[in-house]
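Just the heavy atoms: all of them, side chains too, but no hydrogens, waters or symmetry mates, feed the values below. Just so we're on the same page: letters track the sequence lines, and every chain starts at 1.
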Amino acid sequence: MKPGIGISVGGSTAVVAVCSDNRADVVANAAGQRGTPCIVSFHDNEELVGAPAKQRMVRNFRSTIVRPSTFLGRKFSDAATQELCKELKYAPIVESKDGAVGFQIGESKVYECTEIVSHILKEAKATAQTQVQDLPGVVITVPLDATEAWKTDMRRACKLAGLHVSRFISEPAAALMAYDIEQDPESHSHVASLNLVIDVGGSRTTMAVVQSTAGLFEVLDSRSTRDVSGDKYDDVTVSILANEFKKKTRMDVTDEKRSMLKLKTAADTVKKTLSVTETAIASVESLFEGMDLHCSVQRARFEGLSGAITRKFVGMIDELLKSCGITANDITTVLLHGGCSQLLTIRRAVESKFPDRVRTHIPGSDVVAIGAAKEGFAVALRHSHANTREDSLTDACTLEADGLAKAIAVMMGPTQHKVLLPKGTPVPIRATFPLACQPGATSMHVVLGEVDGDAVKEVARFGLKDLDASKEGAAHTKLTIVVTKEGGMLATLADVNNKANVASIVAKKQEAQ
Amino acid sequence: MATVTSSDVLVMPPLPEDMPADDVCKTVDSLSDLIRVEIQTVGKWFEQYSHRRLLSVPFAPTADDDGGKSKNDSDDDNSDDGNDDGSSADTYVNILGEWKDQDHYALLGLQDKRWQATQDDIKRAYRKMVLKHHPDKKGDLPPAEMKKADEYFSRIQKAYELLCNEQMRRLYDSVDDFDDDIPDILPPKERKDFIEVFAPVFEHNAKFVVEKPVPSLGTMDTPYKKVVAFYEFWNTCTSWREFGYNDDEYNLDDAECREEKRWMERQNKNARKRKKKAEIARLRKLVSNAQACDPRIKRELARQRKEKEDAKRLREERKKQAAEERRQKRLEEEEQRKKEKEEARANEKKAKEQAKKLRRAITKACKRAGIYDPENPSVTPKVGGKRVVTGAEMETLKSLEADEIKALTSISEDAAFKKAVFAQLQKLNGGEGDDDDDDEQEQEQEEEEGPKPWSDDEQKVLETAIRSVPKSDPDRWDKIAELVPGRTKKECVERIKECMAKVKQAKSEPPAQWTEEEEVVLTKAASKVYPPGTTTHC
């Protein structure tokens, strides 16, 4: 059995995970880190990727490229690109051939965005190869809002890095895979589970409501913003530190690029420390004109200043739920992942909204890669069966399928109903439900209907007599509902104790009648 | 598999007492139309779902549903387990008859591979079948069924035993599922179907060929070389086919005594040999039949014939052409010769005429100069290269007007003549002539400037020669030249002229200037050469 390899190239970090025997774990890179920073720098014809590049970032910012993957699939002339150019103060961003985004290093050398990403992928490949020599096809995670151009560029980068992509999967789906949501008994139940997947990354936050039916996921709605991100929290911390420095030395460092970079590195540490302890100590040597910075930051101060960002974050969740037409109580599970999901203020905000339903036990930055590796394993598992056909699913993260227009429910009483198959359940499907008759009764009446809001339209009904109802609490009959590809329904009610005692009905598709 | 199983037990209300029987089971309405949903391509459930969708495999019944299967849903519920596993209990291979007649491959589920199955395949298939059909696995069965199962299992074992034994397997493969027919030579009309007819037969027969890989018949466009190689292969290949499986003439078990058994064995052996021979003959026949009607060979032969003919034709053509050329050349040469002859004749004539003209002109000029002697016209210089103007005659020419000389020379195209005349004139007039002839004149001058000095011996010889040749001889100077070895005619003439000039000078000038010796020699010479009585004077 081939292991599954998952690679997630996020905005700020790239993570590699390997899954074999259904156990997935992140592979540490050569520097011993679980995540490789998405930073590439060029120094004296030497190219550095990841931690070494990050270390040199301050000294060498003119030839350092950060977050190359955010430029994938973008043209240089795009408004978003221009905005990013202003934000990132590293290697100059220039127009490469065909209007693609390029980075200028030194006087004349221009590297294309895909080329830089491929360097990171090469690093990821080398990391994966420490565990698996003979790399099978890898699963690459894709942001939910990735365009076709993004995927094309990513594919090209993978090709440059010598990776064979077996599948692209979206990040929320990968998160669901990582937490084994599809294998939860809950997700197989007659009620669809609604999951909220929140990714708080270094440069942006994405959240999506995903419905899981019979192990199949459907993204109902999603939101994405750059206003809530690790960077924004960093900015808050940087301003705190800069103010402290100003207070002590009466010197303003906000205009000094190199000092600001140093502060940013320190701010990152402070931000993370504050999630664990009440106070964090920041110390930067020779920040500005030989002066050191040494100060402590209180969590309260940080939270007070970053409150606006957190409020924006909570507001976004509310907006998303509203647009899906659900309340916070309808959400079964909340998956919080991403590099900055560890932030206490974020976690608290989510936990107060969805008490006891938030899952964070996998380190936030590892989640997506682990999910991708598990998916890689599932793909390998399927292809290990001889009679499978290679499909063309690798490019798209989603598959268009037919689903039920309305939920199928069983009538529990004159007014009550219980949804068996929720709206949007992909067909064909086969579902089995154990049924019991009321105490003392020997017969059963089953009425199936379609639920549309509160209204229920009866579709079919059938009953079974002569049941042996002696065992109380146990299932007496099994109801099997099959919905065919064409939309016809077949329902069978069978006595578990007597094979001959069966009732079945067929509801064909309308045109067929 | 998008299968949903729930562990929660739902409690259902009982059937209403008063419900009419018809109303209990009925379809009230159909489901609403389906909508499009976008599902994420992740997870093992998704893998199964997409697989099912791609293959359009209907639902498999789960084990606990089997009892609930009704007629209605049997269409939907075709097992897809069947795909994994070719022969389930209901696909028992028919095992009627003797075990030797059974299909060993089918019993092991290898009917698709047959003779191409490897030993590994056979072993694997056997283990699979054992797991499935072992009597211990069958559980409780009625005795009759049990017996059948036992029999079936033993058949599987027999099949395995046989196929495991390479020798026996070869015997079985030799007769197993093989069509001995070979196509006849195709009539010319049907030969365009050659490949379609013969290719499958060759492929079929390749089964028995020992040498691998077996080349394929190819297509109509296969190069001739390959075609030849193909037939070469088939003509030399050996077959591993052996006979003796189930088709012996005598069954050894029927023998009543040892001798009879041995006889039977011998008979069988001979029969096998015969069959093997027949088999080889059959193969060769197949090849020869194919060869006989292979349009590619025919095409190639036709091509070769054509090439040969072409070459022959070309050769003949070349020969003809060469002969023609030769003839033409001969004709041309003849013509050329004729022409040359005519030309020569014409030239001669012309030269004669010119000489005549010149003679006349000179005579005229001489007349005018008053040196013409009608009685001795031979003194007038003869021209045309035969006779050169002598010094005396030239004296007469000296008085000619320049334009007269020009006119004189222009009438003759004889270059030699011209040259001679010009040389003379040059000498006489002290260098005046055509520019064109400058070079020639210079050459002449050089020659004249540096003549070989005459030795006394030569002088003597010359004098005797002059005396011996009569004056009337037209070729007098030629003859003289011949008599003087190492001297040309011109030189002789030159010398004589010199001597004469000296004699003349000696006569006109006072002798004091002459030395005694000279005087003697000169007088002697002059008197010898020109005896008194001649018109020529020094």
Side-chain angles (χ1 to χ4, degrees), chain A residues 169-170 173 177 182 188-190 214-218 375 378 382 387-389 391 393 397-403 405-406 424 426 429-438 441 443-446 450 458-460 462-463 475 480 482 487 489-490 492 494 499 502-507 509-510, chain B residues 1-16 19 23-56 58-62 64-73 76-77 83-84:
Chain A
I169 64 170
S170 71
M177 282 295 288
E182 57 157 6
H188 295 168
S189 79
H190 39 277
L216 301 174
F217 304 127
E218 189 194 348
E375 167 63 16
R382 177 190 161 191
N387 56 351
T388 49
R389 196 194 302 173
D391 53 32
L393 292 165
C397 293
T398 55
L399 178 77
E400 279 237 318
D402 290 318
K406 289 164 187 169
I429 190 170
R430 174 194 198 87
T432 310
F433 307 92
L435 301 179
C437 45
Q438 278 171 357
S443 67
M444 192 185 275
H445 188 220
V446 178
E450 278 190 328
E458 192 182 332
V459 175
F462 49 147
T480 308
V482 175
M489 183 182 76
L490 163 87
T492 312
K499 281 182 180 176
V502 173
S504 69
I505 49 117
V506 179
K509 218 186 156 208
Q510 227 146 21
Chain B
M1 191 193 312
T3 303
V4 174
T5 324
S6 174
S7 49
D8 290 349
V9 178
L10 297 173
V11 179
M12 288 285 124
L15 270 177
M19 191 168 263
D23 237 14
V24 172
C25 278
K26 74 168 190 180
T27 309
V28 182
D29 205 348
S30 64
L31 291 180
S32 312
D33 284 340
L34 298 172
I35 54 165
R36 299 301 278 181
V37 291
E38 275 199 348
I39 51 176
Q40 297 288 315
T41 59
V42 292
K44 68 176 182 211
W45 299 117
F46 170 76
E47 295 299 332
Q48 292 182 352
Y49 175 80
S50 74
H51 174 53
R52 187 174 294 283
R53 237 172 66 117
L54 281 170
L55 298 182
S56 321
F59 275 100
T62 47
D64 50 4
D65 275 344
D66 279 352
K69 204 155 102 178
S70 71
K71 268 270 179 272
N72 286 338
D73 67 351
D76 279 278
D77 281 26
N83 292 345
D84 305 337

Show the nearest heavy-atom pair for residues B/M12 and A/H445, with the distance to one decimal. SD-O, 4.0 Å

Go through A/G463, A/S443, A/A460, A/S170 and name the one with the most non-hydrogen pairs under 4.5 angstrom from chain B. A/S443

Got a sec, which residues hit side-chain contact (heavy atoms from CB on, under 4.5 Å) with A/E450, two or more places apart in sequence or on another chain? A/K406, A/K457, A/V459, B/L31, B/S32

What closest approach, in Å, do B/D33 and A/A405 show between heavy atoms, and which atom pair accounts for it? O-CB, 2.9 Å

Report the distance from atom CD of B/Q40 to atom CE of A/M177, rounding to the nearest 0.5 Å. 11.5 Å

Interatomic distance, A/I169 atom CD1 to B/T41 atom OG1 [nearest 0.5 angstrom]: 7.0 Å

Looking only at heavy atoms, which two atoms of A/E218 and B/E38 are closest? And how far apart? CG-O, 3.0 Å

Can you find a heavy atom in the side chain of A/F217 that is under 4.5 Å from one in the side chain of B/I39? no

